[in-house]
Amino acid sequence: MSPDLLDATFAALADPTRRAILARLTSGEATVTELAAPFDMSQPAISKHLKVLERAGLVSRGRDAQRRPCRLEARPLKVATDWLETYRGYWEESYQRLDTLLDELKATGGAGE
């Protein structure tokens with residue numbers, strides 16, 4: 001995935017409304033009207049959020065007679081998860097060093113026991 005698409009994915013995920021829309025789409029396709037129902041905002045406002053999600057490749061729209069259902073496209077989420085996974089080793093090592101330090105402090109009585 002290009003850096004621009006990764007940036008677009010994280011930018012899209014930065015908004016709680018867009019995250020809620022994606023969460024709703026995990027249970028299946030939905031129209032803009034259906035997606036707008038739980039929010040205190042207009043359908044045009046929801047449509048703007050959907051455009052951001054579409055640009056990031058997280059949502060696609062189909063056509064079913066008069067309906068234009070939105071569906072989740074999870075591939076960009078997998079790519080973002082893979083990118084984040086590269087930092088797991090760093091954090092695990094940092095936590096192991098912290099655990100070692102805490103164990104040493106407990107052994108010497110320096111942890112306030």
Side-chain angles (χ1 to χ4, degrees):
M1 175 178 260
S2 77
D4 290 342
L5 287 176
L6 191 59
D7 291 348
T9 298
F10 283 117
L13 295 173
D15 184 89
T17 300
R18 292 192 286 268
R19 290 192 306 270
I21 289 169
L22 291 177
R24 163 53 185 87
L25 290 174
T26 62
S27 63
E29 295 180 350
T31 64
V32 174
T33 303
E34 292 166 340
L35 291 171
F39 299 103
D40 186 24
M41 63 178 68
S42 66
Q43 285 185 6
I46 292 294
S47 290
K48 287 181 181 181
H49 284 294
L50 286 170
K51 285 184 188 344
V52 172
L53 292 168
E54 284 182 281
R55 280 194 299 271
L58 293 164
V59 169
S60 64
R61 293 195 200 197
R63 186 170 292 282
D64 179 18
Q66 296 299 318
R67 289 180 75 232
R68 294 219 37 216
C70 300
R71 74 181 56 82
L72 176 66
E73 299 294 339
R75 188 174 186 287
L77 293 173
K78 170 81 169 95
V79 174
T81 300
D82 291 347
W83 182 84
L84 289 168
E85 186 67 28
T86 62
Y87 294 93
R88 179 186 294 273
Y90 168 79
W91 287 110
E92 286 177 353
E93 184 179 313
S94 295
Y95 287 131
Q96 287 172 356
R97 285 194 313 266
L98 180 59
D99 285 343
T100 300
L101 176 62
L102 290 173
D103 289 342
E104 290 172 4
L105 289 172
K106 284 180 186 177
T108 62
E113 289 187 69

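Quick caveat: nothing in here was measured; it's all calculated off a predicted structure. Numbering of residues begins at 1 and proceeds along the displayed sequence.
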Q | Partners passing ring pair (Phe, Tyr, Trp, His ring centres under 6.0 Å) against Tyr87 (at least two apart in sequence or in another chain) | A | Trp83
Q: Just jot down the side chain to side chain contact (heavy atoms under 4.5 Å, CB included) partners of Asp103, sequence neighbours excluded, or say none.
A: none
Is any side-chain heavy atom of [X] less than 4.5 Å from a side-chain heavy atom of [Y]?
X: Leu35; Y: Gln43; answer: no
X: Leu50; Y: Cys70; answer: yes
X: Glu73; Y: Val59; answer: no
X: Phe10; Y: Leu84; answer: yes

Q: Take Lys78 and Asp82, measure what salt bridge (charged side-chain N to carboxylate O under 4.0 Å, His left out) needs, and give me the verdict at the end.
A: CA-CA 6 Å; Lys78 170 81 169 95; Asp82 291 347; 2.7 Å; yes
**Q.** Pairs flagged by ring pair (Phe, Tyr, Trp, His ring centres under 6.0 Å) wherever residues 37-75 is involved - sequence neighbours left out
**A.** none
Q: Mind jotting down which residue pairs meet the salt bridge (Lys or Arg N to Asp or Glu O under 4.0 Å) criterion with at least one end in residues 25-35? Sequence neighbours excluded, please.
A: Glu29-Arg71, Glu34-Arg67
Q. With no hydrogens and no angle check, is any side-chain donor or acceptor of Arg61 less than 3.5 Å from a backbone partner on Pro69?
A. no
Q.
Evaluate Leu13 against Leu77 for side chain to side chain contact (heavy atoms under 4.5 Å, CB included), listing each step before the verdict.
A. CA-CA 9 Å; Leu13 295 173; Leu77 293 173; 3.9 Å; yes
Q) Do Ser60 and Glu54 get their side chains close enough for a donor-acceptor pair, meaning under 3.5 Å? A) no
Q | Under the side-chain hydrogen bond (donor to acceptor under 3.5 Å, both in side chains) test, residues paired with Arg88 that sit two or more places apart | A | Glu85
Q.
My understanding is that only residues two or more places apart in sequence, or in another chain, count here; which of them pass salt bridge (charged side-chain N to carboxylate O under 4.0 Å, His left out) with Arg97?
A. Glu93
Q) Same hydrophobic cluster for Val79 and Val52, using side-chain heavy-atom links shorter than 4.5 Å among ILVMFWY? A) no
